[in-house]
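What follows is a set of notes on a single structure, which appears directly below.
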Amino acid sequence: MKIIVVDYGSQYTQLIARVIRELGYYSQVVQFDEDIEISDIGALVLSGGPASVYEKDAPRLPKWFDRYRGKVLGICYGMQLISHELGGTVEPGRVAEYGRTQIQIVDKDLIFSEIEDQQTVWMSHGDHVKKLPDNFRVTAKSKDGIIAAATDDKRFWLLQFHPEVRHTVRGRDIIENFLSKVCGLSPNWNLEDFVKQKIDELKEQLAGKKVIAALSGGVDSSVACVLVHKAIGENLLNVFVDHGLLRKNEENEVPRVFREMLGLNLIKIDARDLFLEKLRGITDPETKRKIIGEQFIRVFEKQAQNYGATHLVQGTIYSDVIESAHSGKKTAAIKSHHNVGGLPKKMNLQIVEPLRNLFKDEVRIVGEILGIPRSIIHRQPFPGPGLGVRIVGEITQEKLEILKEADSILIETLKETGWYEKTWQAFAVLLPVKSVGVRGDQRAYDYVLALRSVDSVEGMTADWSRLPHEILDLVSRRILNSVKGIGRVVYDISSKPPATIEWE
Ligand code: XMP
């Protein structure tokens, strides 16, 4: 039994699915206009969204909605849509409510079992339901008198506020009440079972096949490769391409962990000279990204052919799947992302994506269950083109060495002070700018290094980390004292948007 969350475009849709999974129920997000199999739906949730039910092109109920006979939780836009479709009225944005609001539970309802009558909830709406459809009753009101919750006691439970958001103090309990008390479901989703089932499934699917993977040492590809390795052992060939744009010592660390500790069949390809050669004289960021992506594919393709591979493992995770479903509908490419690791369709390999249905936190737990060391599982994201997009301007061997050294000082200092796991991503960027300084009695003329550290949830938006001055000071002094070639250190205080996380 799965819980289906229909996405109407709210920024919180993924969060609904995550909370449901954390409560122990398997949930999946679908687009409102997507056709799906409905026989195993245990409960349905309609998410919030930015539209107004009166707009001409407003998203409607899914085509299959009338065939589904189970219970429905409508949140925000979901509530308004159900009310509108069943003959109620929605009032366009006269009384907007944003942020924390008080509601009063005015009538008993299973969804509020063991929840005090006065509650703090998170609201984010312009429109609201003015008149409910027939046979519905109001179960909670906001302090402005708006209908905050309602039900028909049969099929529909409606909430104007967002139970999935942390600021709704008893939000998780409300969702739990809906699933267990209203729908009568019991939790049945846990990751140990997922791992066992997935390994059995992969054993069957890949029996006798030759499977290949590009293993970078990033969280997702690592977990995907170890999972497939548990299923088919030596028949999975993991290719680790050392393009020279990796962080300090990674070219030794990744083979040590995966080959020596975890026993994977891994080959390391030393392509450092090739990449450096192809990148010589190139300064344009997009051209650099394209070159790195293309060379990576070439190197990898050769290995796949030599090996006679028929299948390719990829570390796609659930947020990638949801994001591409979303972005299919809008937005231009800001950067040619995922060009590295996103291997081409023309390779004619069948794709194996064992983590396709998991969120990042779940991928990490699976990694722990599989015995992958914490240093890999809790590692910060690293872009496919690596240090190539962190050396602004031309990439040279000398600059790579300087940057690796400085970056590792930053990371080590953050680890030492407990800040590494508090930030989403921290790194150093080498600028094509030299600045005057003084060393001893001598004039110096060295590179400027930018430190960047950001807080983020999925990398889509980000804010710069408020690292304590003492830590910035420690990092700066360590770098200036020990990295030859750097004469000045600055801290990047730009949020995304408008800046991106990486500099190129
Ligand atoms: P931006 O710079 O676009 O980065 O704000 C958002 C997140 O994506 C990572 N990133 C990449 N990841 N291939 C990847 O796999 C890429 O080409 C790439 N470029 C950026 C970046 O590190 C951040 O976590």
Side-chain angles (χ1 to χ4, degrees), residues 14 213-225 240-241 243-247 250 254 275 279 282 284-297 300 312-324 326-327 331-344 353 355 359-361 363-364 376 378-392 395 403 407 410-411 414 420-431 450-465 492-504:
Q14 283 204 34
L215 192 147
S216 64
V219 180
D220 305 341
S221 72
S222 300
V223 175
C225 290
F240 172 69
V241 179
H243 51 32
L245 308 167
L246 301 166
R247 285 165 288 197
E250 221 162 16
V254 172
F275 277 78
L279 288 165
I282 309 290
D284 174 62
E286 273 301 287
T287 316
K288 286 203 291 192
R289 277 175 175 272
K290 294 236 159 70
I291 291 175
I292 298 168
E294 267 166 33
Q295 291 310 312
F296 185 92
I297 288 164
F300 184 80
L312 171 72
V313 179
Q314 292 206 313
T316 316
I317 69 168
Y318 200 42
S319 39
D320 305 329
V321 175
I322 300 178
E323 225 162 78
S324 57
H326 257 313
S327 60
T331 64
I334 310 286
K335 294 176 184 178
S336 45
H337 259 200
H338 306 296
N339 46 2
V340 176
L343 295 158
E353 297 175 316
L355 309 177
F359 285 116
K360 192 86 176 186
D361 342 8
V363 170
R364 292 206 161 103
I376 301 279
H378 289 273
R379 177 173 250 209
Q380 294 184 343
F382 186 63
L387 301 183
V389 291
R390 294 180 180 172
I391 292 175
V392 178
I395 300 164
L403 181 60
D407 185 72
L410 168 68
I411 298 303
L414 292 180
Y420 182 76
E421 288 194 15
K422 285 193 224 162
T423 59
W424 162 264
Q425 207 173 357
F427 53 91
V429 182
L430 191 67
L431 307 187
L451 304 177
R452 178 116 169 104
S453 175
V454 295
D455 302 331
S456 174
V457 180
E458 296 288 345
M460 303 288 286
T461 60
D463 197 7
W464 56 278
S465 317
D492 180 352
I493 53 168
S494 324
S495 65
K496 170 184 180 174
T500 52
I501 295 177
E502 304 292 343
W503 274 48
E504 288 199 328

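Starting from 1, each residue takes its place in the sequence as its number. Reckoned from all heavy atoms, side chains included, excluding hydrogens, waters and symmetry mates. These numbers come from a predicted model, not from an experiment. Remember, it's 1-based here, ligands and their atoms both numbered in the order they're listed.
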Does R364 have any salt bridge (Lys or Arg N to Asp or Glu O under 4.0 Å) partners at least two apart in sequence or in another chain, and if so, which?
none
What residues form a salt bridge (Lys or Arg N to Asp or Glu O under 4.0 Å) with D284, not counting sequence neighbours?
none
Enumerate the atoms of ligand 1 whose separation from the nearest heavy atom of [X] is less than 4.0 angstrom.
{"X": "P385", "answer": "13 (N), 16 (C), 17 (O)"}
{"X": "G459", "answer": "6 (C)"}
{"X": "T500", "answer": "1 (P), 2 (O), 5 (O)"}
{"X": "Q425", "answer": "21 (C), 22 (O), 23 (C), 24 (O)"}

Check this for me: does any side-chain nitrogen of one of R289 and E502 sit under 4.0 Å from a carboxylate oxygen of the other?
no
Q314 CD to D320 CG distance, which is reported to the nearest 0.5 Å:
10.0 Å
Please work out which of R390, R289, E502, R452 has its closest non-hydrogen atom nearest to atom 22 (O) of ligand 1.
E502
Nearest non-hydrogen contact with atom 6 (C) of ligand 1 belongs to which option: K496, Q380, E504?
K496
Using the side chain to side chain contact (heavy atoms under 4.5 Å, CB included) rule, pick out the option among L430, V429, L403 that qualifies with L387.
L403
Check this for me - ligand 1, P381, N or O atoms closer than 3.5 angstrom, yes or no?
no
Polar proximity ligand 1 side, G384 side, N/O cut 3.5 Å exclusive
yes
D455 versus S465, side-chain donor and acceptor atoms under 3.5 Å:
yes
